[in-house]
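In what follows, every chain begins at residue 1, and chains take the letters A, B, ... in the order their sequences are listed. Predicted model only: the values in this text are computed from it and were never measured.
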2 protein chains.
Amino acid sequence: MEGEAYFVNQSSFQVSTLGDVGSGKISDVERVRAFWRRVEHYDAGSQVRQGERSGPEKQLIIVSGWACELRILPDGRRQIFSFLLPGDAIEARGAGSVGACGVVALTRLEVVNRGAQLTVDAAGREAALQREQRLYDHLMRMGRLSAKERVIHLLLELHERLDRVGLVHGETFKIPLTQEVFADALGLSVVHINRTLKGLRKEGWVCIKAGSVTLRNRPRLAAASCYRSEADDLEFDALPLCAGEDRMGRAIPAPKRNLSA
Amino acid sequence: MEGEAYFVNQSSFQVSTLGDVGSGKISDVERVRAFWRRVEHYDAGSQVRQGERSGPEKQLIIVSGWACELRILPDGRRQIFSFLLPGDAIEARGAGSVGACGVVALTRLEVVNRGAQLTVDAAGREAALQREQRLYDHLMRMGRLSAKERVIHLLLELHERLDRVGLVHGETFKIPLTQEVFADALGLSVVHINRTLKGLRKEGWVCIKAGSVTLRNRPRLAAASCYRSEADDLEFDALPLCAGEDRMGRAIPAPKRNLSA
DNA sequence: CGTTCACTTGACCAACATCAAATATGGTGG
DNA sequence: CCACCATATTTGATGTTGGTCAAGTGAACG
């Protein structure tokens with residue numbers, strides 16, 4: 001049944017990806033052929049290396065499967081920066097100058113190659129903004145949220161993104177993630193992730209079984225983890241960023257001494 | 001003496017910013033005038049709000065002073081995402097759709113308004129890549145580095161960036177940051193930042209006095225904090241991202257079970 | 001000279017990491 | 001179907017890191 005769900009997803013991407021190629025009399029069969037000619041596959045665990053530092057930068061769009069951006073320190077510590085879901089682009093980073101971050105397939109991956117994408121259209125800009133927004137969210141998670149909050153917050157983000165591409169059924173969706181991957185994304189140890197999940201299950205926040213997750217009472221989860229959906233930016237933006245005197249008095253005045261000894 | 005250093009910096013920015021406006025007979029005085037006409041100021045602690053959600057997006061370049069991007073949670077927790085130094089652009093974010101992150105001046109701020117910057121040139125792309133790179137570094141710091149490592153790592157980044165705009169003298173540079181700001185950037189508590197700094201001082205890693213920092217033996221610091229300068233991307237990129245069997249055996253195979261119950 | 005803001009320090013505690021071992025689970029070959 | 005193996009999850013015991021609370025110090029400033 002999993003393959004079926006993925007196929008539905010693929011066909012929807014055919015339309016959105018190729019719909020603007022030729023508006024003329026190209027038959028649907030032609031389109032499907034053209035689509036599949038550009039499909040590439042990556043095995044789970046393989047590194048997706050693109051933009052071979054000199055070749056034309058190809059832009060890959062994930063059709064099915066999950067990937068992640070990550071970095072590994074010399075001593076083995078790992079940090080996952082973001083998850084890449086169906087519909088997301090794998091940026092052609094690394095072709096430029098900065099590229100100390102790799103993309104690894106977390107499951108078997110199906111991607112379409114859009115070739116060198118030189119012009120940045122409105123949709124591309126929007127996607128880039130959201131991507132950046134997610135990086136900020138991730139920073140907030142790791143810097144200021146507790147383990148329980150981090151897990152919930154990430155699950156809510158994944159729910160929102162998967163929902164947008166039709167991979168959520170009700171409140172339930174599938175995550176092909178190991179607890180170790182989860183830990184590396186959230187900056188926690190596997191053991192502690194395990195215990196945190198246990199706690200969340202026991203307290204009825206979520207239901208996690210065999211790779212699918214069901215979020216119970218999403219608004220409550222959002223409140224408990226300070227999650228701000230991408231939909232309500234404006235409202236959040238209106239909050240006083242530089243706190244006044246009422247809000248815990250944590251204003252940011254001009255410092256009078258700096259990191260003194 | 002502080003003002004003097006800043007002024008030197010400003011004049012260098014005049015050249016680089018306005019050098020391409022007119023290659024003809026515009027006198028230097030004219031250039032200076034044109035420059036100063038576009039200068040804006042922000043007080044320390046004030047929020048830099050740009051792109052008033054509908055007006056023309058102006059792009060601001062910091063001439064002198066420090067700012068930061070941050071977010072505050074409803075319960076008062078703060079997270080600083082990045083520091084903005086002289087020469088950095090204050091992105092016109094927020095004018096689009098996502099903007100749950102504010103820019104606050106950490107010191108008195110002098111910025112030039114470049115007006116709406118619609119075309120993205122090579123320099124702009126390069127800057128954007130480095131900015132993103134720094135976000136990744138920050139994520140790595142908060143997710144996988146210890147307190148001591150985080151502090152060193154951040155100091156090294158600041159050194160590198162300040163050096164590039166000529167604000168480092170020898171191994172010493174000034175940071176107008178409160179320990180509280182430092183804490184909010186690194187996801188630690190003020191008290192713990194204090195103790196960490198104390199330790200670093202005592203062990204001779206750095207010398208921090210009255211707002212200026214001297215890094216002792218930068219290569220050793222870099223090694224101790226897993227710092228990778230922006231100069232050696234290639235080398236780092238060549239590291240095996242998806243570890244083989246030699247490197248602690250932490251490969252990323254296809255997960256066979258996923259977040260089971 | 002008192003007030004304010006930042007830094008400092010000590011005592012105590014909670015969150016999370018680490019180590020080690022036990023227990024599923026799924027895949028594979030017989 | 002069963003035995004076996006590798007991988008993942010779970011659990012307990014224990015240690016460390018870093019947070020919180022509270023109080024004290026020192027410098028700048030009116």
Side-chain angles (χ1 to χ4, degrees), chain A residues 2 44-45 75-79 106-107 141-151 175-184 186-202 208-213 243 245 248-261, chain B residues 44-45 75-79 106-107 141-151 175-202 208-213 243 245 248-261:
Chain A
E2 203 169 282
D75 59 7
R77 282 177 286 185
R78 284 194 304 203
Q79 178 63 50
L106 292 169
T107 68
R141 268 197 285 265
M142 309 229 293
R144 287 308 182 198
L145 298 193
S146 71
K148 196 182 288 191
E149 289 171 318
R150 288 185 218 185
V151 170
I175 17 179
L177 301 184
T178 297
Q179 290 188 0
E180 186 181 358
V181 170
F182 232 67
D184 283 332
L186 294 177
L188 299 166
S189 70
V190 195
V191 177
H192 201 249
I193 280 285
N194 186 301
R195 286 193 231 272
T196 306
L197 288 176
K198 182 184 174 186
L200 291 177
R201 274 191 291 250
K202 185 148 50 187
I208 301 181
K209 241 192 316 227
S212 36
V213 173
E245 48 286 323
M248 302 192 58
R250 302 189 63 189
I252 310 183
K256 295 180 181 146
R257 293 159 65 201
N258 308 319
L259 293 185
S260 303
Chain B
D75 58 8
R77 283 178 285 186
R78 284 193 305 202
Q79 178 63 50
L106 292 169
T107 69
R141 267 196 286 265
M142 309 232 294
R144 286 308 182 199
L145 298 193
S146 70
K148 197 183 287 189
E149 289 170 318
R150 286 185 218 186
V151 170
I175 17 181
L177 300 183
T178 299
Q179 290 188 358
E180 187 181 358
V181 170
F182 232 66
D184 283 333
L186 294 177
L188 299 167
S189 69
V190 196
V191 177
H192 201 249
I193 280 285
N194 187 299
R195 285 193 231 272
T196 306
L197 288 176
K198 181 184 174 186
L200 290 176
R201 272 191 293 250
K202 185 148 47 187
I208 301 181
K209 239 189 321 223
S212 35
V213 173
E245 47 285 326
M248 304 191 58
R250 303 189 63 187
I252 311 184
K256 298 185 177 141
R257 295 158 64 202
N258 309 317
L259 291 185
S260 304

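Close to dT9(D), at under 4.0 Å from its OP1 or OP2, lies no side-chain N or O of Arg201(A). Side-chain nitrogen and oxygen atoms of Gln179(A) include at least one within less than 4.0 Å of the OP1 or OP2 phosphate oxygen of dT10(D).
Here the P atom of nucleotide dC16(C) and the CG atom of Leu197(A) are 13 Å apart, to the nearest Å. We find that CG of Leu106(B) is positioned 16 Å from C1' of dC5(C), with the value rounded to whole Å. Computed from coordinates, the Asp184(B) CG to dG19(D) P distance equals 11 Å when rounded to whole Å. For Phe182(A) and dA17(C), the CZ to P distance is 15 Å, given to the nearest whole Å. Rounded to whole angstrom, the span from the NZ atom of Lys209(A) across to the P atom of dT9(D) amounts to 16 Å. Atom CG of Leu145(B) is separated from atom C1' of dA17(C) by 15 Å (rounded to the nearest Å). Put simply, CD1 on Ile208(B) is 12 Å from C1' on dC7(C), counting in whole angstrom units. With rounding to whole Å, Arg150(A) atom CZ is found 13 Å from dA15(C) atom P.
At a threshold of 4.0 Å, the pair Arg144(A)-Glu149(A) does not count as salt-bridged, since none of the basic side-chain nitrogens sits closer than that to a carboxylate oxygen.
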All N/O contacts under 3.5 Å from nucleotides 11-14 of chain D to the protein, with atom names and distances to one decimal?
{"from": "dT11(D)", "atom 1": "OP2", "to": "Lys198(A)", "atom 2": "NZ", "distance (Å)": "3.2"}
{"from": "dG12(D)", "atom 1": "N7", "to": "Arg195(A)", "atom 2": "NH1", "distance (Å)": "3.3"}
{"from": "dG12(D)", "atom 1": "N7", "to": "Arg195(A)", "atom 2": "NH2", "distance (Å)": "3.4"}
{"from": "dG12(D)", "atom 1": "O6", "to": "Arg195(A)", "atom 2": "NH2", "distance (Å)": "3.2"}
{"from": "dA13(D)", "atom 1": "N6", "to": "Arg195(A)", "atom 2": "NH2", "distance (Å)": "3.1"}

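Listed nucleotides: dT8(C), dG18(D), dT20(D). Nearest to the side chain of Ser189(B): dT20(D). Counting only heavy atoms from C-beta on, His192(A) has its side chain closest to dC16(C) among dT9(D), dC16(C), dG18(D).
Between Leu186(B) and Arg150(B), the shortest heavy-atom distance links the atoms O-NH1, 2.8 Å. What you find for Arg201(A) and Ile208(A) is that their closest heavy atoms are NH1-O, 3.6 Å. Counting all heavy atoms, side chain and backbone alike, Gln79(A) lies closest to Asp184(A) at NE2-O, 3.2 Å. When every heavy atom of Leu106(A) is checked against every heavy atom of Ala44(A), the shortest pair comes out as O-CB, 3.9 Å.
Here the OG1 atom belonging to Thr107(B) is positioned 13.0 Å from the CD1 atom belonging to Ile175(B), to the nearest 0.5 angstrom.
Backbone-only contact: Ser146(B) has heavy atoms under 4.0 Å from sugar-phosphate atoms and none from a base.
Side-chain N or O atoms of Ser189(A) include one that pairs as donor or acceptor with a backbone N or O of His192(A) at under 3.5 Å.
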